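All values derive from a computational prediction rather than experimental measurement.
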Amino acid sequence: MSDHVTKIELALDKDNNFLAFRTETMANVGAYLSNFSTVTPTILHGTLMAGNYAVPNVYVNVKTVFTNTAPVDAYRGAGRPEATYSLERVIDKAATELGVDPIKLRRQNFIKPDQFPYVTAAGLNYDVGDYDAIMDRLEHHADLKGFAQRRKKSEAAGKLRGLGINSYIEACGIAPSNLIGTLGARVGLYDAATIRVNATGNISVMVGAHSHGQGHETAFPQIVADMLGVDPDNVEIVHGDTSKIPFGMGTYGSRSLAVCGSAIVRGVEKIISKGKKIAAHMMETTDDKVDFEEGVFSVKGTNKTVSFGDVALKAYIPHDFPIEDIEPGLEETAFYDPQNFTYPAGAYACEVEVDPDTGQVTIESFAAADDFGNIINPMIVEGQVHGGLAQGIGQALLEGCTYNEDGQLISASYMDYTMPRAADLPSFIVDHTVQTPSTDNPLGVKGCGEAGAIGSPPTVVNAVVDALRSANHNVTHIDMPLTPERVWAAMNN
């Protein structure tokens, strides 16, 4: 979580409908500016300050401050975790003060499915969503009806049990070039792919988005294989070699599949279009009469067919091609520039136990329900969510940078800076049922790389505050990280 000091206010009418969010933020950018230091607390943060909610007014005032600490740059979520944290903490506080159920309050103010596409008061255009459906999934998986009984069991063991809820949305698939151009950026944020079908039928895909652990080598071949009806093992992904790949804008902002994956789709569509011309020539017809499905070209209304492999071979043996209509070879390049962000959304629930004698927090369960649009590889998605949840929980409970007055980082080693370990985490319940595929890219995907880190910090803090409130401690907020010392001090203040 970036070094922010934020004051947030929520206005509601007499029926508990949200009227406005107002925030004032001081954002530390460190001793000098890094690449995304000014973008992260402003455009990536402020535009998400409407959340999932049909709120008519949003006011955001961010002041960035130079200090003598290390520079700040984009980190998993980059501005969106801070927005979600502020919103979801103030909504929980409002629910407590109004004496209403925190889930009911959120549901009442959700943007409803028939309101999409929805332009928020913060200026984003949400294309599609169903936040009540996501919350339904969460309530099912988290077994919220059994919480009261679990709380009694914890109390019998001398522990305080709390439940935290969160609902988040993020803007990723970054970003439309025309948008960042209006903000003064001097680059476009498209991506590119070259699809090269070799004479043997093997396929090389050169991409501009470099993988560093996200699983491009698995997901990208799945797209190509599904569209062309070939074995994914016959698809090679080439990245990181600037002498071979087309120019692309890289991997960040949960954009690889939504943007570079869409470039792959457009490139494969060009391959299929040219393949139809070659297949039509082979079957003595015209390309408008040729269909392509599951790796086979066929003439409509007949039993004439030719396989994709035969067409690939023919492309490199053009003995009788009509030169004016068909060029030899089977290689295409496509660039894709998104027209909008994508908007993944989710709802999380966390149960914690707090030891009243020491302030130690233990996470007993964590359930995450996310809508990432269409899913290409469920295993990769689940791994991304697990990693994000671990990072978000680490930020909520363990991780904090400590400086002395001279700007010297004194928590500079893993002896002093606590990274989350397996023992700090529960077995997560993860649900990524497709609720609403994105309408702004050909794959219908939304991005999953940052979701867990965005939704988990407020969920954990809400749970700890709820646990202390159950024991009549007059605690409404504790700053992250919620170390045992801070929790104990809050209880004994």
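The backbone N or O of His212 lies less than 3.5 Å from a partner atom in the side chain of Gln214, making a donor-acceptor pair. Counting only distance, with no hydrogens or angles, the side chain of Thr251 and the backbone of Ser256 share no donor-acceptor pair below 3.5 Å. With hydrogens and angles disregarded, a donor-acceptor distance shorter than 3.5 Å links the side chain of Lys274 to the backbone of Gly329. Asn198 places no side-chain N or O within 3.5 Å of a backbone atom of Thr200 that could act as its donor or acceptor partner. Side chain of Asn374 to main chain of Val445: no donor-acceptor pair is present (N/O by atom type, distance under 3.5 Å, no hydrogens or angles). Between the side chain of Glu450 and the backbone N or O of Gly77, at least one donor-acceptor pair lies under 3.5 Å.
Salt bridge annotation for Arg80-Glu170: present, with a cationic side-chain nitrogen under 4.0 angstrom from a carboxylate oxygen. A salt bridge is defined here as a Lys NZ or Arg NE, NH1 or NH2 lying under 4.0 Å from an Asp or Glu carboxylate O, and Asp371 with Lys446 meets this definition. One finds no salt bridge joining Asp287 and Lys277 here, because no Lys/Arg side-chain nitrogen approaches an Asp/Glu carboxylate oxygen to under 4.0 Å. Between Asp191 and Arg266 there is no salt bridge, since none of the side-chain N atoms of the basic residue sits less than 4.0 Å from a carboxylate O of the acidic one.
Nearest heavy-atom pair, Ala453 versus Pro81, reported as atom, atom and distance to 0.1 Å: O-CB, 4.1 Å. Across all their heavy atoms, Ala315 and Leu330 have their closest contact at CB-CB, 4.0 Å. When all heavy atoms of Tyr252 and Ile174 are compared, the pair lying nearest together is CE1-CG2, 4.4 Å. Contact record, Ala121 with Pro56: CB-O, 3.5 Å, taken as the closest heavy-atom pair.
Looking only at side-chain heavy atoms (C-beta outward), Ile375 and Val434 come within less than 4.5 Å of each other. Annotation: side chain of Glu269 is in contact with side chain of Met227 (closest heavy-atom distance under 4.5 Å).
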task: For the pair Ile195 and Lys270, evaluate side-chain contact (heavy atoms from CB on, under 4.5 Å) and give the outcome as yes or no after the intermediate values.
output: CA-CA 9 Å; Ile195 317 298; Lys270 291 182 179 181; over 6 Å; no
task: May I have the step-by-step check of side-chain contact (heavy atoms from CB on, under 4.5 Å) for Tyr85 and Val461, ending in yes or no?
output: CA-CA 9 Å; Tyr85 183 81; Val461 176; 3.8 Å; yes
Asp320 vs His281, side-chain contact (heavy atoms from CB on, under 4.5 Å): CA-CA, chis, key distance, verdict: CA-CA 9 Å; Asp320 56 352; His281 174 70; 3.3 Å; yes
field: Check against side-chain contact (heavy atoms from CB on, under 4.5 Å), Thr436 and Phe116
entry: CA-CA 11 Å; Thr436 54; Phe116 290 95; over 6 Å; no
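In Lys314, the NZ atom is crowded: over 12 heavy atoms of neighbouring residues, nucleotides or ligands sit closer than 6.0 Å. Few gaps surround CD on Glu217; more than 12 heavy atoms of other groups in view lie less than 6.0 Å from it. Annotation: Glu327, atom CD; neighbour count of heavy atoms from other residues, nucleotides and ligands within 6.0 Å does not exceed 12. In the displayed structure, Lys63 atom NZ is contacted under 6.0 Å by at most 12 heavy atoms of other residues, nucleotides or ligands.
Aromatic ring orientation, Tyr126 versus Tyr118: tilted (interplanar angle from 30° to 60°). Using cut-offs of 30° and 60° for the angle between ring planes, the Phe292 and Phe297 rings count as tilted. Relative orientation of the Tyr53 and Phe110 rings is parallel, given thresholds of 30° and 60° on the angle between their planes. Aromatic ring orientation, Tyr190 versus Phe247: tilted (interplanar angle from 30° to 60°).
Remark: Tyr59 engages Arg22, Glu24, Asn61 in a side-chain contact (heavy atoms from CB on, under 4.5 Å) (not counting sequence neighbours).
Of the residues listed (Val306, Asp291, Asn303), the one engaging Ser298 in a side chain to side chain contact (heavy atoms under 4.5 Å, CB included) is Asp291, and it is the only one.
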N/O donor to acceptor pairs below 3.5 angstrom from side-chain atoms of residues 229-237, sequence neighbours left out:
| from | atom 1 | to | atom 2 | distance (Å) |
| --- | --- | --- | --- | --- |
| Asp231 | OD1 | Asp233 | N | 2.9 |
| Glu236 | OE1 | Ser204 | OG | 3.2 |

Distance-only criterion, 3.5 Å: show the donor-acceptor pairs between side-chain atoms of residues 417-428 and protein atoms not counting sequence neighbours.
| from | atom 1 | to | atom 2 | distance (Å) |
| --- | --- | --- | --- | --- |
| Tyr417 | OH | Glu399 | OE1 | 2.6 |
| Asp424 | OD2 | Arg421 | N | 2.8 |

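To the nearest 0.5 Å, atoms OH (Tyr348) and CG (Leu138) are separated by 10.0 Å. Taken to the nearest 0.5 Å, the CG atom of Asp127 stands 4.5 Å off from the CG atom of Asp440. Atom OG1 of Thr84 and atom CG of Asn52 lie 8.0 Å apart (nearest 0.5 Å).
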